[in-house]
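Only one structure is covered here, and it is reproduced in the block below.
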Protein chains: 2
Amino acid sequence: MKNVTMADVAEHAKTSKSTVSQYLNKRYEYMSENTRKRIEAAIEELNYHPNSVARSLKQKATYTVGVIVANILHSFSTHIIRTLETEFNKQGFHTIICNADDDPEKERNYIEMLLAKQVDGLIIFPTGENLDLYEQMKDRDFPIVFMDRKVDAQAIDTIMLDNHKAAELAVDRLTAGNYRKISIITTSVIRNISPRIERIEGYRQALQKYSLPVREDYIKTADAEHLQDVLRELFEMDAPPEAILAANDIVLVEVLKYIKEKNLSIPDDVAVIGIDEVPFAAFFTPPITVVEQPKIEMANLAAELLLKKINGQKEGGSPTVHRMQPNLIDRHSC
Amino acid sequence: MKNVTMADVAEHAKTSKSTVSQYLNKRYEYMSENTRKRIEAAIEELNYHPNSVARSLKQKATYTVGVIVANILHSFSTHIIRTLETEFNKQGFHTIICNADDDPEKERNYIEMLLAKQVDGLIIFPTGENLDLYEQMKDRDFPIVFMDRKVDAQAIDTIMLDNHKAAELAVDRLTAGNYRKISIITTSVIRNISPRIERIEGYRQALQKYSLPVREDYIKTADAEHLQDVLRELFEMDAPPEAILAANDIVLVEVLKYIKEKNLSIPDDVAVIGIDEVPFAAFFTPPITVVEQPKIEMANLAAELLLKKINGQKEGGSPTVHRMQPNLIDRHSC
DNA sequence: CTGTTAGCGCCTTCAT
DNA sequence: ATGAAGGCGCTAACAG
């Protein structure tokens, strides 16, 4: 039961492979009504389906893009993936999803495997550690877009939130509510992951804007697994914070967990604000105020830029880092 | 700046393509220390990377599997995807993710495109509408595993929750809490999506077990967008339910939204139980009791079965539908 | 151990 | 309008 190939179709339709190929590529001008019909019939009868691997080998295009997310657990990532997949599908591209799990080694593997697979382009939430690879791709003009995180050494198109602004928005809201002892918590910052750094910077600058003291012991970073410890430290201080800025959804969840466990009340015992919208924010008790990222726009822009590169359109001297604006959703947790 | 190929490496190393190929496939027995070194050097120097499209064409294996989820918005789907991707990656397979969006046409397209791309296997959350395609694949012994939903007409390995049991567990818990007017809400059931049907069946049987009346007006189904209307109907009844069984996470979210809006209190005004664990359940006010699916196990089993099929191991007369057991997580919403 | 040869399934000049 | 021939990059006999 071997696979039916173009040759079989040609034979069946009493014509040649080339003509069948023409037919498949809809170049109907190059054939008579009659042969077309015969080919049609043969395809139908044999239940022929073109092999796109063979086609890709010849055409040097796979109509497949790779997406490597740093950590698929962030709801931000899954939303982005969803939108990207939809957009690429619209343009006839398949999407290979890879989860680097914040591990530079995995990222390196994925990049190499995807390149070996001849994907037409790549969207990466970069770990920032594989500079040599990024550089190679850049040098070869391989279509690539960075998402969410920037890599300083690289001049690669990058789509990022305006993280300073996001933190500022949060601090604005908090100070408006008369909270002065404001803590910020992010997930680990050891590898200098840019959005986390930037959010802390934004927080610092915003406090200064209001002439509020910046207390280093209010700035906490830790892995997801150690967030509870960090929270304990924070609340066992002599002057525990009155408000917490959770720098992403994972942190927010841990903060709310802690608060629930300790039976604290929001916002009376401690106010809470998050960066990243979460599905339960609106109907939580109390509803959680949050700074949201324009996820859809970000994903759409990423897809658009990548597709342009794939289609060989050199973008004019467009800016390399596209900063997207955050948006405050005011609810009742602060 | 053309691509460097095996031929270039061979030339550079003063040997032949076949030997280079041997080298790449680590069949070192077939070559001298010396040539090996030369090949190594040539590869390094030319920065050669094998083209896996060409290899796939020859070997008729792409080391890629496709996953078509019915609806990527269910947190169940994203968790499954995550685990599948991890497992497949461990075995050296890439994963193409597709979201059929509950649209049989999209599903058909994806299946056809993925087959054309010569993926080595497919995991599908089937819409249930493309019987001809399912059948073709089955007939060709193409490696395929269904997930979450069964298709009656097809004898294809399927991994499902024991949905009857899941509903029963929920009703057990509710009756134990002395709730007798129990409503069940699911998302739309028009296309006879098996888990939804089965959960309703399980609910019916469980009520009967307790000699509770089955009221048809307590059984509600609707699209996500119309869930709020359905909830309104329910609570405007003369005898509104005392407890709601939310048949999946999307329903649960809508139920909680409604309850918040109407300022009802859980469980005093209305008790709530969900099928599918959600990230916020534990620290919600009150914490939400939930019947959870063994997602990890389900995904692992799916990956394992598919890999076995891909590797040509005929499974013995194993059952076609694998039923996985749900688990009650008792919290305080009922 | 190494090289030669023949494809894998499709696309693409280039004759006819 | 149609077909023959060559090649995409790699693998797998089979000789030598």
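By convention in this document, chain letters (A, B, ...) are assigned in the order of the sequence lines, proteins followed by strands, and residues within each chain are numbered from 1.
Within residues 35-55 of chain A, the residues that have a heavy atom under 4.0 Å from DNA chain D are, in order of number, A/Thr35.
Closest to the side chain of A/Ser21, out of C/dG9, D/dT11, C/dT12, is C/dT12. Distance from the side chain of A/Thr19 is smallest for D/dT2 among the nucleotides D/dT2, C/dC10, C/dG3. Candidate nucleotides D/dC8, D/dT11, D/dA1 were compared by shortest atom distance to the side chain of B/Gln59, and D/dT11 ranks first. Listed nucleotides D/dC10, C/dC11, C/dG3 differ in distance to B/Thr5; the shortest reach to its side chain belongs to D/dC10. With distances taken from any side-chain atom of B/Met6 to the nucleotides D/dA1, C/dC11, D/dC10, the minimum falls on D/dC10.
Among residues two or more places apart in sequence or in another chain, the salt bridge (Lys or Arg N to Asp or Glu O under 4.0 Å) test is passed with B/Arg38 by none. Partners of A/Lys106 by salt bridge (Lys or Arg N to Asp or Glu O under 4.0 Å), not counting sequence neighbours, listed by chain and number: A/Asp101. Remark: A/Phe142 engages no residue in a ring pair (Phe, Tyr, Trp, His ring centres under 6.0 Å) (not counting sequence neighbours). Take A/Lys60 and apply the salt bridge (Lys or Arg N to Asp or Glu O under 4.0 Å) test, not counting sequence neighbours, and it matches no residue. For B/Glu33, the salt bridge (Lys or Arg N to Asp or Glu O under 4.0 Å) criterion is met by B/Lys37, not counting sequence neighbours.
No donor-acceptor contact under 3.5 Å links the side chain of B/Lys58 to the base of D/dG9. Side-chain to base pairing of A/Ser18 with D/dA4: one donor and one acceptor N or O lie within less than 3.5 Å of each other.
Across all strands shown, A/Ser56 has no heavy atoms under 4.0 Å from either base or sugar-phosphate atoms.
Residue pairs meeting the ring pair (Phe, Tyr, Trp, His ring centres under 6.0 Å) criterion with at least one partner in residues 65-122 of chain A, sequence neighbours excluded, are A/Tyr63-A/Phe93.
For B/Arg323, the CZ atom is densely surrounded, since the number of other residues' heavy atoms within 6.0 Å is greater than 12.
Rounded to whole angstrom, the span from the CD atom of B/Gln118 across to the C1' atom of C/dC8 amounts to 11 Å. In this structure, the CZ atom of B/Arg27 is 11 Å from the P atom of D/dA13, given to the nearest Å. Put simply, NZ on B/Lys26 is 15 Å from P on D/dC10, counting in whole angstrom units. Residue B/Lys60 contributes atom NZ, which lies 12 Å from atom C1' of D/dT11 at whole-angstrom precision. Regarding B/Leu57, its CG atom lies at a distance of 14 Å from the P atom of C/dG7, rounded to whole Å. Rounded to a whole Å, the CD atom of A/Gln22 is 10 Å from the P atom of C/dC11. Rounded to an integer number of Å, the gap from A/Lys14 NZ to D/dT2 P is 15 Å. The interatomic distance linking B/Asp8 (CG) with D/dC10 (P) rounds to 9 Å, in whole Å.
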- Please test A/Ser77 against A/Ile80 for side-chain contact (heavy atoms from CB on, under 4.5 Å), starting from the C-alpha separation and ending with a verdict. CA-CA 5 Å; A/Ser77 311; A/Ile80 297 287; 5.7 Å; no

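Salt bridge status for A/Glu87 with A/Lys90: present, with a side-chain N to carboxylate O gap under 4.0 Å.
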Check: residues 294-305 of chain B side-chain donor-acceptor pairs under 3.5 Å, at least two apart:
residue  : atom : partner  : partner atom : Å
B/Asn300 : ND2  : B/Ile296 : O            : 3.4

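Take the nearest nucleotide of DNA chain D for B/Leu24 and for A/Ser32: the residue whose nucleotide is more 5' is A/Ser32.
Taking the C1' atoms of five terminal pairs at each end of the helix from C/dC1-D/dG16 to C/dT16-D/dA1, the two resulting helix axes are inclined by 40°, rounded to 10°.
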